[in-house]
Amino acid sequence: MAELKYDKTGRLLFTKEMKKEYTLLIPQMLPDHFAMLVSIFRGEGYQVEMLDNTGRPVIDAGQKYVHNDACYPAILVIGQLINAIQSGKYDPHKVALVITQTGGGCRASNYIHLLRKALEKAGLSFVPVISVNLSGLESNPGFKLSLNLLRKAVFAIIYGDLIMNAAHQVRPYEVTPGAADAAVSACMDFLLKDMDAGKGMTFKSMRANFDRIIEAFKAVPVTGEQKVLVGVVGEIYVKYAPLGNNNLCDFLLAEGAEPVVPGLIDFILFKINNREVDVGIYGGKWVKEVFCRWLQKYVMKYQHAMIDALKNSGRFRAPGDFHDLHSYISGYLGDGNKMGEGWLLTAEMLELINTGVPNIVCTQPFGCLPNHIVGKGMIRKIKDDYPWSNVVAIDYDPGATRINQENRIKLMLANARALAKEQRARTLDPEEGPSGEPVSAR
Ligand code: SF4
């Protein structure tokens with residue numbers, strides 16, 4: 001059995017011996033994206049499992065071991081990890097926990113310390129915690145983020161974004177219930193098989209896989225109706241994790257709407273861009289600025305390929321690229337506004353409104369100051385500029401009742417349907433916004 005080793009500060013390390021014996025537990029956020037990341041880590045010799053425990057026991061574990069003034073994603077992520085260890089499914093002496101550290105000024109850089117404190121309280125301080133970060137914050141002898149692994153992670157994120165995007169555009173209209181989910185599974189199957197065989201990781205093969213994904217979703221028979229489009233934005237965890245947002249996308253589907261969820265790759269590009277911008281605003285090494293600019297360009301090459309696949313499909317709407325998204329914040333927020341989701345959250349709302357999705361759910365976790373500013377805090381200004389926008393901010397926390405959240409979303413949907421009816425009656429001039437104002441006047 002691997003011996004427990006500590007660094008000079010007393011931090012328990014994940015050692016090379018542990019890599020052979022331990023299973024890494026990863027909290028869940030985006031099921032398809034993370035399934036591919038798990039496969040990539042397995043290919044690098046790690047034993048990894050993505051957690052799927054959910055519901056009240058997870059929230060209870062989070063509340064028991066994390067201070068109740070921590071932001072809600074911290075409570076859920078730590079609750080899911082601790083609940084998994086206590087479930088009896090794993091040998092607590094043979095697991096290590098994986099958690100990200102963003103390296104920014106927000107609490108996401110410090111969840112790891114809250115997790116270690118929680119483990120101590122739960123009598124599990126012998127469980128190693130591995131930080132996944134790109135800022136050199138913590139390292140472990142048994143865990144390395146190699147360039148090759150990061151390159152593959154970008155592939156997984158792009159594949160995941162394309163699948164998520166196409167599935168959301170098909171699922172509300174499928175003739176046979178479950179057909180879109182079957183297309184997701186089929187795509188995941190061939191991608192995971194490719195990844196296990198070390199394939200699908202070149203630009204050329206990725207483009208071929210994009211075509212396969214598009215064809216899989218185009219093959220799903222759909223009805224011809226048009227449902228109300230509803231954008232989903234917010235803090236990254238509650239925006240994506242069904243556990244964090246009480247299965248928001250399923251609820252929107254059940255209410256007869258089509259969820260429009262921006263991809264994860266823009267968040268990654270936002271984080272890279274922040275590091276480049278930091279040098280200009282606060283100073284720093286030019287090498288860092290040049291590297292981040294190069295990295296952004298590299299990742300955007302893949303983003304453009306994904307956008308082209310959607311555009312060329314002749315069937316699906318395609319999002320704009322990161323530069324398009326960034327351009328929307330002019331006159332709203334500066335680049336230095338980057339705590340939490342920073343300007344990205346506002347930009348996503350503006351992009352949705354400008355691309356025909358004025359109905360938006362802005363998901364807000366309890367205890368998240370930065371995203372209340374760039375989310376809820378911007379709604380007034382957006383409403384002034386786009387009077388027809390229909391944005392509802394929904395708070396998520398352990399005490400918020402689901403029924404209350406859902407009633408507020410239902411009210412937003414009622415407004416959305418009234419707006420759509422008004423638009424149809426008006427037979428808009430293409431140069432006019434839904435309110436009748438000329439676009440050029442805004
Ligand atoms: S952005 Fe909000 S939810 Fe995320 S770490 Fe910061 S305070 Fe917590």
Side-chain angles (χ1 to χ4, degrees), residues 26-30 33-34 58-59 61-63 65-82 97-118 129 131-135 137-138 232-246 248 261-264 266-275 277-278 325 329 332-349 361-379 393-400 405:
I26 301 186
Q28 199 203 77
M29 188 171 77
L30 279 153
H33 293 67
F34 278 36
V58 167
I59 300 172
Q63 287 195 287
Y65 296 111
V66 183
H67 195 281
N68 65 4
D69 71 359
C71 41
Y72 191 42
I75 291 174
L76 291 178
V77 168
I78 295 170
Q80 191 178 42
L81 289 165
I82 301 256
L97 309 181
V98 178
I99 194 161
T100 51
Q101 274 188 290
T102 56
C106 210
R107 290 183 218 174
S109 297
N110 295 307
Y111 282 8
I112 196 162
H113 306 296
L114 295 177
L115 174 57
R116 290 202 176 102
K117 207 169 160 199
V129 181
S131 159
V132 175
N133 71 82
L134 297 176
S135 314
L137 290 171
E138 282 188 7
V232 176
V233 300
E235 185 275 336
I236 187 166
Y237 185 84
V238 292
K239 172 166 74 170
Y240 292 130
L243 173 64
N245 61 32
N246 282 330
L248 175 59
V261 187
L264 180 60
D266 282 321
F267 180 79
I268 305 296
L269 283 161
F270 168 73
K271 287 289 169 195
I272 297 170
N273 180 261
N274 285 345
R275 280 163 177 72
V277 163
D278 274 352
L325 196 56
I329 57 152
Y332 287 85
L333 293 167
D335 283 354
N337 205 315
K338 58 193 179 56
M339 287 303 116
E341 273 52 45
W343 60 256
L344 180 80
L345 205 170
T346 310
E348 285 183 342
M349 289 197 275
V361 177
C362 178
T363 59
Q364 308 267 173
F366 168 80
C368 176
L369 177 64
N371 287 319
H372 273 74
I373 294 167
V374 292
K376 200 184 259 182
M378 294 305 292
I379 294 175
I394 303 291
D395 293 317
Y396 291 90
D397 69 71
Q405 292 163 347

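On a predicted model such as this, the values are computed, not experimentally measured, just so you know. Computation of the quantities below employed the complete heavy-atom set of this structure, encompassing side-chain atoms and omitting hydrogens, waters and symmetry-equivalent molecules. In this chain, residues are counted from 1 in sequence order. Just so you know, ligand 1 is whichever comes first in the structure, and atom 1 is the first atom listed for that ligand.
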*Please lay out, stage by stage, how Glu235 and Arg107 fare under the test salt bridge (Lys or Arg N to Asp or Glu O under 4.0 Å).*
CA-CA 12 Å; Glu235 185 275 336; Arg107 290 183 218 174; over 6 Å; no
With sequence neighbours left out, the residues meeting side-chain hydrogen bond (donor to acceptor under 3.5 Å, both in side chains) with Asn133 are Ser131
Residue set satisfying side-chain hydrogen bond (donor to acceptor under 3.5 Å, both in side chains) with Ser109, at least two apart, ordered chain then number -> Thr102
**Message:** Within the supplied structure, the quantity of interest is the number of heavy atoms (other residues, nucleotides, ligands) at a distance under 6.0 Å from Lys271 NZ; does it exceed 12?
**Reply:** yes
Checking Leu115, Val132, Leu114 against Ile99 for side chain to side chain contact (heavy atoms under 4.5 Å, CB included), the one that qualifies is Leu115
Given a cut-off of 2.8 Å, the protein N, O or S atoms lying below it from atom 2 (Fe) of ligand 1 are Cys368 SG
Contacts of Asp395 meeting side chain to side chain contact (heavy atoms under 4.5 Å, CB included) (sequence neighbours excluded), chain-then-number -> Gln364, His372, Lys376
Going by the 4.0 angstrom heavy-atom rule, the piece of Tyr237 near ligand 1 is neither
